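Below is one structure; the comments refer to it alone.
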Amino acid sequence: MGFSTWFKESFPVDTEALIKLTAEPIPNHLKRWWWALGGTPLYMFVVQIITGIMLIFYYVPDTDKAYDSIAYITYTADYGWLIRSIHRWSSNIMIASLLLHMIRVFFTRSYKPPRDINWMFGVVLFLLTLMFGFTGYSLVYEQMSYWAMQVGTGIAGATPFIGEWIADFMRGGSDIGQNTLTRFYLFHVVLLPILIAMAVGVHVYLIRAHGVTELKFKGDENVEKKTFPLWPDHIFTELIMVSIIMVVLVVLSLLFPVHLGDRADPNVTPLHIKPEWYFFAVFRWLKITNLTVGVLGPMVFLGILFFWPYIDKFFEKISPGREIWFWVGVLGMLLINAFTIWETFGH
């Protein structure tokens, strides 16, 4: 028995199903790369997993050793600084591309039924990704990451009714310490990756079940409906995008390598605490409101975002043709950008 025959018998593949799977018709507008940003967060997630596994070999989730282990990775381990920089930059690109993808889906109204549930899974993925970023930079255990944990758990503690329980669960007690670092490590390397992988699986399945939304533009009314196959056309387009993104990722890591701040000191509060850029808007909102309003505001925003397909349907019913969804989206983007810029250049 030859190797080929043995392999086919031991690992049978349904070629007909494979051909059917890869022959899915893709709407013609996805030939333009800016309409195909949905895969970019997934690529960056894979990069996060690969580089994260590399970092785990050296990272020590201990309050006395975490900072030193990061310092060893950054300054001593062979190419440790590069792996850590790629890990950090890929997380930023992952969040940025996810935001762009959600904006595109919103303004093209691709969330409308029957894709409403998939929009909800997208919002869940967005929240999980933000938590992924938050727990990641908290593990460095430098001054900013330590005080980010203090602020983050304090905000969670202000959640109505269950805030104290959530804060204690995150901290592993009443104060930031070893239990907190252990739990954040568990969240970052085990729980969140599993949840994100499961949510991505459902998200992709629903896209496959409903098909990719076909967008129509002005002037296309009389144009014949065009599609192209998933394989090889769309796969090659995605591979080109992956190659370009990886080049950009490596260049950013080389030109702007990640550094290490001061060691965490619970007794010294930094003069200016700054979170990562994707939390700037929320952080500025907290500064101009009290803690209760500061927590309820983002919760209301996320609730509106999660149930938006049904809210939009209600607006369309009571006021057809007024495009309320568009102006709500524009207003939301203006407010978020204004708060982000304010926090970026303000104090």
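Keep in mind that what you see is a predicted model, and the values were worked out from it rather than measured.
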Minimum heavy-atom distance between [X] and [Y], given as atom pair plus value:
{"X": "Ile336", "Y": "Ala281", "result": "O-CB, 3.8 Å"}
{"X": "Val330", "Y": "Phe107", "result": "N-CZ, 3.8 Å"}
{"X": "Ser85", "Y": "Val258", "result": "OG-N, 3.0 Å"}
{"X": "Met144", "Y": "Lys274", "result": "SD-N, 3.9 Å"}
{"X": "Val47", "Y": "Thr51", "result": "O-OG1, 2.7 Å"}
{"X": "Ser90", "Y": "Gln48", "result": "OG-NE2, 2.6 Å"}

* Carefully, step by step, assess Phe280 and Trp342 under the rule side chain to side chain contact (heavy atoms under 4.5 Å, CB included). => CA-CA 9 Å; Phe280 275 10; Trp342 190 1; over 6 Å; no

Would you confirm whether the ring centroid of [Y] sits within less than 6.0 angstrom of the ring centroid of [X]?
{"X": "Tyr72", "Y": "Tyr58", "result": "yes"}
{"X": "Trp119", "Y": "Phe306", "result": "no"}
{"X": "Phe283", "Y": "Phe339", "result": "no"}

Side-chain heavy-atom pair [X], [Y] within 4.5 angstrom cut-off:
{"X": "Pro193", "Y": "Ile49", "value": "yes"}
{"X": "Trp327", "Y": "Leu331", "value": "no"}
{"X": "Tyr43", "Y": "Ile93", "value": "no"}
{"X": "Ser253", "Y": "Ile86", "value": "yes"}
{"X": "Asn92", "Y": "Arg88", "value": "yes"}
{"X": "Trp81", "Y": "Leu254", "value": "yes"}
{"X": "Tyr278", "Y": "Thr340", "value": "no"}
{"X": "Thr180", "Y": "Met149", "value": "yes"}

* To do: Look at the rings of Phe106 and Tyr111 and say which category their plane angle falls in: under 30° parallel, 30 to 60° tilted, over 60° perpendicular.
  => tilted

* To do: Check whether NZ of the Lys or CZ of the Arg Arg183 lies under 6.0 Å from the centre of the six-membered ring of Phe169 and within 45 degrees of that ring's axis.
  => yes

* To do: Measure from NZ or CZ of Lys65 to the centre of the six-membered ring of Tyr59, then state whether that distance is under 6.0 Å and the direction lies within 45° of the axis.
  => no

Please report the interatomic distance [atom1]([X]) to [atom2]([Y]), rounded to the nearest 0.5 Å.
{"X": "Leu100", "Y": "Ile95", "atom1": "CG", "atom2": "CD1", "result": "12.0 Å"}
{"X": "Gln150", "Y": "Ser145", "atom1": "CD", "atom2": "OG", "result": "11.5 Å"}
{"X": "Ile341", "Y": "Arg284", "atom1": "CD1", "atom2": "CZ", "result": "12.0 Å"}
{"X": "Ser69", "Y": "Ile56", "atom1": "OG", "atom2": "CD1", "result": "11.5 Å"}
{"X": "Leu286", "Y": "Glu343", "atom1": "CG", "atom2": "CD", "result": "9.5 Å"}
{"X": "Leu130", "Y": "Leu125", "atom1": "CG", "atom2": "CG", "result": "11.0 Å"}

* **CA sep, side-chain torsions, deciding dist, call: Glu142, Tyr146, side-chain hydrogen bond (donor to acceptor under 3.5 Å, both in side chains)** => CA-CA 6 Å; Glu142 59 185 8; Tyr146 174 85; over 6 Å; no

Taking atom [atom1] of [X] as the centre, report whether more than 12 heavy atoms of other residues, nucleotides or ligands fall under 6.0 Å from it.
{"X": "Asp78", "atom1": "CG", "result": "no"}
{"X": "Phe314", "atom1": "CZ", "result": "no"}
{"X": "Glu164", "atom1": "CD", "result": "no"}
{"X": "Asn337", "atom1": "CG", "result": "yes"}
{"X": "Tyr75", "atom1": "OH", "result": "yes"}

With a 4.0 Å cut-off, would you call [X] and [Y] a salt bridge?
{"X": "Glu316", "Y": "Arg322", "result": "no"}
{"X": "Asp68", "Y": "Arg263", "result": "yes"}
{"X": "Lys112", "Y": "Asp312", "result": "no"}

Could you point out which residue of [options] forms a side-chain contact (heavy atoms from CB on, under 4.5 Å) with [X]?
{"X": "Tyr141", "options": "Ile70, Thr63, Asp62", "answer": "Thr63"}
{"X": "Asn118", "options": "Val202, Leu206, Val204", "answer": "Leu206"}
{"X": "Leu128", "options": "Leu191, Ile196, Val200", "answer": "Ile196"}

* Within the side chain of Trp277, is there an N or O that forms a donor-acceptor pair under 3.5 Å with the backbone of Thr344? -> no

* Start with the C-alpha distance between Phe132 and Phe187, add both sets of side-chain angles, then the distance that settles ring-ring contact (aromatic ring centres under 6.0 Å, His included), and finish with yes or no. => CA-CA 8 Å; Phe132 203 37; Phe187 294 154; over 10 Å; no

Following the transitive rule for hydrophobic clusters with a side-chain heavy-atom cut-off under 4.5 Å over Ile, Leu, Val, Met, Phe, Trp and Tyr, establish whether [X] and [Y] coincide in one cluster.
{"X": "Met54", "Y": "Val190", "value": "yes"}
{"X": "Leu335", "Y": "Ile288", "value": "no"}
{"X": "Tyr185", "Y": "Val60", "value": "no"}

* Show the numbers, then the answer: is there a side-chain hydrogen bond (donor to acceptor under 3.5 Å, both in side chains) between Gln143 and Trp147? => CA-CA 6 Å; Gln143 271 288 67; Trp147 288 98; 3.2 Å; yes

* To do: Report the C-alpha separation of Trp89 and Val250 in whole Å, then their side-chain angles, then the decisive distance to 0.1 Å, and conclude whether the side chain to side chain contact (heavy atoms under 4.5 Å, CB included) test is met.
  => CA-CA 9 Å; Trp89 276 110; Val250 172; over 6 Å; no

* Asked: Are Arg115 and Val105 close enough, and set up right, to give a side chain to side chain contact (heavy atoms under 4.5 Å, CB included), and what steps lead you there?
  -> CA-CA 11 Å; Arg115 297 175 176 84; Val105 172; over 6 Å; no

* Asked: Taking it one step at a time, do Thr153 and Asp168 satisfy side chain to side chain contact (heavy atoms under 4.5 Å, CB included)?
  -> CA-CA 8 Å; Thr153 55; Asp168 286 345; over 6 Å; no

